[in-house]
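Bear in mind the structure is a predicted one, so any value in this text is a computation, not a measurement. We number each residue from 1, following the sequence as shown. Ligands are counted one by one from 1 in listed order, and the atoms in each one are counted from 1 as well.
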Amino acid sequence: MPDRQAEREEIRRLLLGGRSLQMLAPRRIGKTWLMRRVAEDLAADDWITISSDVEGMRSEEEFLRDLCAKIEEQESYGKQVFLHLGQRLKQITSGTWEGGPVQAIGRVDPKAFVEALIASLDAEGRDTVILVDEIALFVSRLLANDAAKASDFLYHLRKLRQSYPRVRWILTGSIGLDVVARRGNLHGALVDLDILPIDPFDEQQARAYLDRLCAANDVRRPFALDDGGFHHLARELGWLAPYYLRLIADRIRPSGAATDAGRPLALVADIDGAFEELLKPYNRGSFSTWEEHIDKNFPPEDAVLLQAILEICCEQPMGETFATLQTRLSKTLRIIPTRDVKNMLTALANDGLLHEADGRWRFRSGLLRRYWMAYLHP
Ligand SMILES: Nc1ncnc2c1ncn2[C@@H]1O[C@H](COP(=O)(O)OP(=O)(O)OP(=O)(O)O)[C@@H](O)[C@H]1O
Ligand SMILES: [Mg+2]
């Protein structure tokens, strides 16, 4: 079964049912990858798909320009939409600009423009999905410039989702839109979106994924795994996202006997060797998303507290109890109210860094814990 088949089918079902979605999941789990596959699936079903990565964009105008460029790419369909759009914009502006619709950007209120655009797409009578990646970084930047404008824009998009149901939306990003929305009091603008959490692979999916990589010679030194080897790898990794599975797989130097699959068996020692290699300084870049994540996602005063929590929790694989955590934080930082510590732990759990098991807060990924201990522990 191809990867993420269940998620892809669920997304298609929800969209067919007229829903728009918000994909919330921790870093590196495969949100962008999944969005691309969903766009391909739907394009094959004759949907119009418009994908926009808004990381680095600074204004609504930039976003609109990008949407127009993506529509223009769709040749004859794009021309039809632009024809419609041009007519609508001419009515709004009494024709005060020359050339195509793109030339009207910046002269027309962005809300009026986006409404004309969505109305034109809707009027074509084909199912359309607009997939927006890194939406929270964009909204966060809009908020920093002009909070009222950001809120207006998001609420307006919600209204458009209601008025033009043929145009569906999928929003995602490396930081959660929910977190940014809470900061800007924008939750109401998102309530109509179905939340779609994405989990890491389960053991069966992870094993099938590794097998596929090796069978397709898509790792540096293809290997085979027996039950013992796989479970050792899964236990050490703890977080079976394809990104980390691949990082490890690429570093395994199999030293066991040849197997029926024609590949040598990876022994437990080979797997341990791969973890050690991955934790060498020249591989630090593979983990940098997690370090920057805290700074990107949280205000500085929270970031200090979050880092302090992670520093304590990385010390042991089994993590730390809430009570000890709070006591130690009060010694190193200041007295922190229970509620604040709980909020921070929830944020770290939502982001996939920590989870609570047997009354202790621990790293989800054994690999990431070892990384934290090696490089970020004071
Ligand atoms: N189902 C999958 N099968 C194979 N590879 C995958 C899968 N999902 C993700 N990957 C790979 O894992 C890496 C991380 O995926 P991706 O960039 O989609 O994650 P993300 O959740 O968008 O991360 P971020 O939060 O940093 O934006 C990429 O190299 C991608 O190709
Ligand atoms: Mg991404």
Side-chain angles (χ1 to χ4, degrees), residues 1-12 21-41 49 51-57 66 130-141 169-180 195-220 222 233-234 237-251 278 283-298 347-354 364-365 367-368 371:
M1 186 158 99
D3 276 337
R4 297 290 191 201
Q5 197 57 29
E7 288 86 349
R8 287 155 74 170
E9 278 165 19
E10 184 180 357
I11 293 171
R12 176 192 295 191
L21 314 172
Q22 190 187 164
M23 209 191 275
L24 285 183
R27 299 295 317 253
R28 310 269 81 202
I29 207 108
K31 301 174 288 290
T32 300
W33 185 96
L34 183 55
M35 288 257 276
R36 292 205 183 114
R37 296 296 89 72
V38 166
E40 288 165 7
D41 292 347
T49 64
S51 300
S52 177
D53 182 338
V54 295
E55 175 161 19
M57 289 189 193
D66 189 57
I130 302 179
L131 306 107
V132 188
D133 203 354
E134 297 303 1
I135 179 85
L137 291 174
F138 177 63
V139 171
S140 172
R141 188 167 288 150
W169 297 73
I170 304 183
L171 310 179
T172 195
S174 57
I175 71 173
L177 188 52
D178 54 331
V179 177
V180 176
I195 292 185
L196 193 85
I198 311 292
D199 293 319
F201 286 167
D202 62 25
E203 292 208 344
Q204 204 187 346
Q205 291 165 325
R207 199 158 179 180
Y209 174 64
L210 288 173
D211 224 40
R212 258 200 315 277
L213 284 181
C214 291
N217 277 327
D218 205 3
V219 291
R220 292 187 205 163
L233 188 155
L237 199 55
W239 171 251
L240 304 179
Y243 177 72
Y244 291 103
L245 286 165
R246 195 196 183 93
L247 282 181
I248 287 292
D250 255 338
R251 285 163 183 83
L278 192 52
N283 281 321
R284 272 194 83 171
S286 308
F287 301 91
S288 58
T289 41
W290 289 100
E291 285 180 55
E292 73 180 31
H293 177 67
I294 308 265
D295 297 328
K296 261 189 183 176
N297 213 354
F298 299 93
L348 290 169
N350 283 341
D351 287 346
L353 274 155
L354 299 184
R364 248 174 191 268
S365 158
L367 179 63
L368 201 56
Y371 173 79

Checklist entry - Are T172 and Q22 linked by a side-chain donor-acceptor pair shorter than 3.5 Å? => result no
Next on the checklist: Counting only heavy atoms, tell me which of W290, Y209, Y243 gets closest to atom 29 (O) of ligand 1.
Outcome noted: Y243
Next on the checklist: Suppose we measure from atom 17 (O) of ligand 1 to each protein heavy atom; which comes out shortest, and what is that distance?
Outcome noted: R28 NH2, 3.3 Å
Next on the checklist: Please determine whether T32 has a backbone or side-chain N, O or S atom lying under 2.8 Å from the Mg ion (ligand 2).
Outcome noted: yes
Item to check | Heavy atom of the protein closest to atom 26 (O) of ligand 1 (residue, atom name, distance) | outcome: R27 NH2, 2.8 Å
Next on the checklist: To check your reading of the model: name the closest protein heavy atom to atom 22 (O) of ligand 1, its residue, and the distance in Å.
Outcome noted: T32 OG1, 2.8 Å
Checklist entry - Would you say the side-chain atoms of Y371 and E291 include a donor-acceptor pair closer than 3.5 Å? => result yes
Checklist entry - Which residue owns the protein heavy atom closest to atom 31 (O) of ligand 1, what's the atom, and how far is it? => result W33 CD1, 3.5 Å
Checklist outcome for this item: Nearest non-hydrogen protein atom to atom 3 (N) of ligand 1, with distance, is D3 OD2, 3.1 Å
Checklist entry - Among protein heavy atoms, which lies nearest atom 20 (P) of ligand 1, and at what distance? => result K31 N, 3.5 Å
Checklist entry - Can you list the atoms of ligand 1 that are under 4.0 Å from a heavy atom of R4? => result 1 (N)
Item to check | Identity and distance of the protein heavy atom lying nearest atom 15 (O) of ligand 1 | outcome: G30 CA, 3.6 Å
Item to check | Derivation of the side-chain contact (heavy atoms from CB on, under 4.5 Å) call for S51 and D133 | outcome: CA-CA 8 Å; S51 300; D133 203 354; over 6 Å; no
Checklist entry - Are I170 and V132 close enough, and set up right, to give a side-chain contact (heavy atoms from CB on, under 4.5 Å), and what steps lead you there? => result CA-CA 6 Å; I170 304 183; V132 188; over 6 Å; no
Checklist outcome for this item: Counting heavy atoms under 4.0 Å, the part of S174 that contacts ligand 1 is both
